[in-house]
Amino acid sequence: MTLHAVRWLAWLTLAFMIFVAASPARAVDAVSVRSDAPAIDLTAILDHQHSDSDRIQVSTAPGTDGIVRRVEVRAREGGQNWVVFALANNTDDQLDRLIVAPHYRLVSSGLLWPDLGQSRIATITPSTGDRPERQESATADVFRITLDPGAVITFVMELRTDKLPQLYLWEPDAYKDKINSFTLYQGIVIGISGLLALVLTILFVVKGSIMFPAAAALAWAVLVYIGVDFGFWGKVLDMPAGAERVWRASGEAILAATLLVFLFAYLNLNRWHVRYAHITLGWLAFLGSLVALALFDPAVASGIARMSLALIAVFGFGLIVYLAVHGFDRAVLLIPTWFLLVVWVAAAGMAIEGEVINDIVGPALLGGLVLIVMLIGFTVMQHAFAGGGGASGVVSDIERRALALTGAGDLVWDWDVSADKVFTSPETESLLGLKRGTLEGPAAAWLEVLHPLDQDRFRAALDSVLEQRRGRLVQDYRLRTSDGHFMWFALKARPVVGSDGEVSRVVGTLTDVTDTRKAEERMLHDSVHDNLTGLPNRKLFIDRLNAVATFAKTMPSLRPTLMVIDLDRFKQVNDSVGVAVGDSILLTLARRLTRILKPQDTLARIAGDQFGLILMSEQDPPRITAFAETIRKTIRAPITFNDREIFLTASIGLALSDPQTQLTQEIIKDAELAMYHSKRIGGDRIDVYKPAMRARKNDRLSLEADLRRAIERRELAILYQPIVRLEDRSIAGFEALARWDHPKLGRMAPDEFITIAEEAGLIVDLGTFVMDQTARQLAVWQRAIRSQPPIFASVNVSSRQLLRHDLIHDIRSVLSRSSIARGTLKLELTESLVMENPEHAAQMLQRIRELGVKLSLDDFGTGYSSLSYLQRFPFDTIKIDQSFVRTTTHGTRPVILKSIIALAHDLSMDVVAEGAETDSDAVELYQLGCEYAQGFAFGEPMDADATMRLLAQERLEAAS
């Protein structure tokens with residue numbers, strides 16, 4: 001072979017190797033996205049790939065220039081399952097779309113080891129542009145993307161599972177319409193199912209036969225199952241990740257079990273042969289074990305439950321037909337309903353095996369299940385009320401109803417239509433303070449004591465009953481008392497039709513529901529109003545703004561103005577005079593501002609020391625500016641408190657609307673930007689929003705908004721640093737530390753975002769969130785590690801929290817939501833915090849101690865270190881500041897440490913040393929008598945999963 005031939009052979013070999021190496025990262029074909037397409041099914045064009053590491057390299061779809069590029073993506077959650085697809089926008093418009101991957105689909109879920117759903121997508125990385133934003137959804141992974149005109153973008157999805165049953169590209173409004181329509185349907189189905197379960201339960205109470213509790217149990221099981229499938233319980237209950245799969249598998253097992261119980265009870269199988277009872281009990285025990293199995297392997301439990309449900313339907317139908325042929329009347333009544341159940345099971349089998357794949361199939365099957373249970377209920381009631389009864393039975397029933405009415409304390413309301421005379425119990429007039437007989441007479445006379453807004457409704461309700469000659473009257477009305485105020489009564493009545501087919505009377509009851517109504521109104525008021533000033537809160541403020549926006553569409557000349565008013569240096573005022581006085585100042589300012597407003601204006605407290613104003617009464621810009629100046633002068637007027645004058649100023653931001661301005665939450669941000677601009681250049685001034693103010697990328701407003709959103713969505717991470725028992729180096733507890741990974745700025749220092757939280761009035765919400773999450777995690781540790789003494793957790797408390805009376809309520813709520821051992825939740829407070837208001841702090845700490853929460857004095861030795869106060873406050877633990885522990889301290893360190901430890905022991909307190917960085921530090925601290933230590937020598941702050949692994953490892957080492 002010649003040298004030239006050898007060279008060509010080498011080049012061909014090299015080219016072949018390059019082709020083979022590059023072939024796994026093949027390019028994908030882009031799907032063209034049309035502007036008129038509401039939804040595109042991407043499932044069939046997805047390129048599923050698997051990587052051996054947490055990185056993957058893919059080739060992008062050819063761009064408009066025809067070039068194929070390679071991108072490398074790193075997994076955020078360490079996944080190795082990937083999906084690649086590409087989208088092309090060939091239109092001239094920018095397109096916003098939603099990538100939607102449902103967590104669970106009944107269709108194609110499978111019979112054996114079914115896919116019970118979970119979050120599918122960890123993250124999506126585009127080849128160009130910003131990362132898609134995850135939208136909040138409990139039932140699907142939803143990401144918003146933007147496709148620029150002519151753009152071709154390749155998306156790489158990191159999957160949390162190797163299965164992705166469906167992926168759609170939705171137009172946002174179309175997807176919203178779909179969700180709304182399904183939500184309405186689901187609400188109707190759940191409402192019917194709940195009402196059916198309640199009716200069958202009541203029927204069981206009335207009749208008492210065994211078939212009625214069996215039917216009621218079946219109805220409740222169906223309600224639970226469809227509630228899980230529709231995601232209803234996930235909204236009502238705070239379910240952890242993965243719990244829905246357990247609920248779904250358990251619901252299917254319970255559904256099969258209750259169906260079996262109903263069949264046994266309705267057919268009265270124990271009367272025919274004892275073997276039926278044995279078979280049923282054995283089958284029920286087996287299905288009950290599936291509920292326990294669902295806790296460990298939901299897929300296996302669900303598969304077995306589905307097969308059991310099919311067997312019960314098929315064999316049950318055969319048994320019903322057999323008994324019907326042999327003359328058993330109950331079986332004859334059940335044949336149509338059970339035949340529909342068999343048809344339903346067959347349709348469900350086709351759906352879960354993927355023979356029917358329409359999205360409507362799942363909800364339709366659940367609606368059909370409710371219909372079947374409704375037919376079962378009708379069958380039960382038909383059997384229950386079949387045949388007549390003797391006169392004695394009727395009289396007995398009337399007597400029971402009369403006794404029940406008397407025992408319930410309801411008031412009789414009877415309208416004799418022919419005589420047009422209303423009779424009501426004397427207690428009604430007694431409650432209203434009226435003379436006996438005042439309410440007896442024609443129905444029109446009741447209009448005089450009814451609230452004016454209820455009179456037309458009362459008249460229309462009675463007319464409707466007379467015209468339709470059927471139905472039920474259930475309405476609430478307000479009746480005027482003798483002193484002029486109103487009480488709420490619930491009227492429940494039915495028409496009684498005479499032999500001539502006309503309504504002869506309307507009979508029912510009146511119930512005093514005043515307390516219930518007032519409680520509802522108070523709850524509604526408190527939910528949208530600030531509990532200090534009584535002004536609308538941020539939610540109601542935004543709602544009013546939306547209402548103004550709707551009104552402005554009909555009146556183009558209406559140009560509302562938005563103002564954001566923020567008090568300057570109010571935190572310093574709080575620190576100097578105390579939170580209680582600060583609250584009084586806020587209340588005074590709210591009353592001052594309210595007095596200068598007109599009825600059409602809206603003033604709200606939208607943050608701690610921040611007010612919002614929708615100005616409708618002024619339209620002329622000079623008059624608007626003059627009104628803002630009036631507000632500024634009103635705030636500048638001194639406030640007298642305890643012979644002391646307090647002077648305040650405010651920074652005011654204005655956002656003027658025009659026909660092109662959208663009255664959305666964006667205009668609030670505009671006004672806040674103007675306010676922050678005023679505050680940055682000294683405060684005590686008024687600034688009007690200009691578009692140039694948005695140029696600041698790291699604006700404090702954006703950080704506050706991001707932090708508020710992170711707290712509301714619980715996106716802040718809680719890390720836990722171990723606290724070690726020095727005697728045996730075992731983990732005694734953890735200290736909870738909040739961390740915030742900003743989506744753009746990365747991890748922010750705790751001091752920085754805590755300062756932002758304090759200034760924005762978010763520190764209370766942040767502290768409550770950390771306390772609640774820590775208590776929940778502490779309960780998980782204690783259930784997993786049943787040690788003695790139990791593991792504890794420490795949470796830091798800010799001055800805003802300590803000086804609020806609501807702190808006691810917050811702690812009580814946290815303790816009620818998590819089952820933790822008494823005394824294992826500790827609150828850490830600094831000396832300077834306690835000394836801000838020692839009298840108030842002493843009372844609050846004693847009340848906290850009575851709740852079963854321990855108290856720890858943090859950073860001891862760096863503040864006041866007053867021994868008299870240390871003895872007075874009910875602390876359980878002293879935490880020695882790390883400056884006394886580190887080995888770099890000079891030679892007097894052991895003497896100081898020994899003195900502090902001895903002092904704590906004399907006061908019956910435990911000692912925790914912070915900043916133990918080496919093993920020698922730990923040994924020395926133990927020799928000095930310190931019980932606990934915390935520092936990098938024993939572990940850095942870690943997430944909840946890492947703590948569980950650490951505890952499990954320690955437990956394993958202790959066992960070995």
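With salt bridges taken as basic N to acidic carboxylate O contacts below 4.0 Å, none links Glu158 and Arg76. Taking 4.0 Å as the cut-off between side-chain N and carboxylate O, Arg144 and Glu133 do not count as a salt-bridged pair.
Glu940 and Gln721 form no side-chain donor-acceptor contact under 3.5 Å, judged by distance and modelled atom types alone. Side-chain atoms of Glu954 and Ser730 form no donor-acceptor pair, as typed in the model, at a separation below 3.5 Å.
Take Lys854 and apply the side-chain contact (heavy atoms from CB on, under 4.5 Å) test, not counting sequence neighbours, and it matches Lys826, Asp876.
Taking the six-membered ring for Trp and the full ring otherwise, Tyr720 and Trp781 have centroids separated by under 6.0 Å.
For the atom pair CG of Asp910 and SG of Cys930, the computed distance is 9.5 Å after rounding to the nearest 0.5 Å. The OG atom of Ser816 sits 12.0 Å away from atom CD1 of Ile811, with the distance rounded to the nearest 0.5 Å. One finds the CZ atom of Phe875 at 10.0 Å from the CG atom of Leu827 (value rounded to the nearest 0.5 Å). The distance from atom CZ of Phe85 to atom CE of Met157, rounded to the nearest 0.5 Å, is 5.0 Å. With values rounded to the nearest 0.5 angstrom, Ile791 atom CD1 is found 10.0 Å from Gln777 atom CD. Taking CD of Glu924 as the start and CG of Leu726 as the end, the distance is 11.5 Å to the nearest 0.5 Å.
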Practice problem: Using the side chain to side chain contact (heavy atoms under 4.5 Å, CB included) rule, take Thr877 and Leu857 through it: C-alpha gap first, then chi angles, then the decisive distance, then the call. | Solution: CA-CA 6 Å; Thr877 305; Leu857 184 60; over 6 Å; no

Quiz item: Gln135 and Asp141: side chain to side chain donor-acceptor pair (under 3.5 Å), yes or no, with the steps?
Solution: CA-CA 8 Å; Gln135 305 295 298; Asp141 293 321; over 6 Å; no

Practice problem: Take Thr161 and Arg120 through the test side chain to side chain donor-acceptor pair (under 3.5 Å) and record every step on the way to the result. | Solution: CA-CA 6 Å; Thr161 175; Arg120 308 287 180 177; 4.6 Å; no

Self-check item: Derivation of the side chain to side chain donor-acceptor pair (under 3.5 Å) call for Asp921 and Thr918
Solution: CA-CA 5 Å; Asp921 289 341; Thr918 63; 3.3 Å; yes

Exercise. Apply the test salt bridge (Lys or Arg N to Asp or Glu O under 4.0 Å) to residues Arg776 and Asp772: give CA-CA distance (whole Å), side-chain angles for both, the deciding distance (0.1 Å), then the verdict.
Key: CA-CA 6 Å; Arg776 293 176 187 268; Asp772 184 63; 2.9 Å; yes

Exercise. Give the C-alpha distance, both sets of side-chain angles, the deciding distance and a yes or no for side chain to side chain donor-acceptor pair (under 3.5 Å) between Thr824 and Gln782.
Key: CA-CA 10 Å; Thr824 55; Gln782 292 179 355; 3.0 Å; yes

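Within the structure, every pair that satisfies the salt bridge (charged side-chain N to carboxylate O under 4.0 Å, His left out) test and touches residues 718-734, not counting sequence neighbours, is listed here: Arg729-Asp919.
Enclosure of atom CG in Asp906 by more than 12 non-hydrogen atoms of other residues, nucleotides or ligands within 6.0 angstrom is indicated. Atom CD of Glu77 sits in a crowded spot, with more than 12 heavy atoms from other residues, nucleotides or ligands closer than 6.0 Å.
Remark: side-chain polar atoms of Ser51 are not paired, donor with acceptor, to backbone N or O of Asp54 under 3.5 angstrom.
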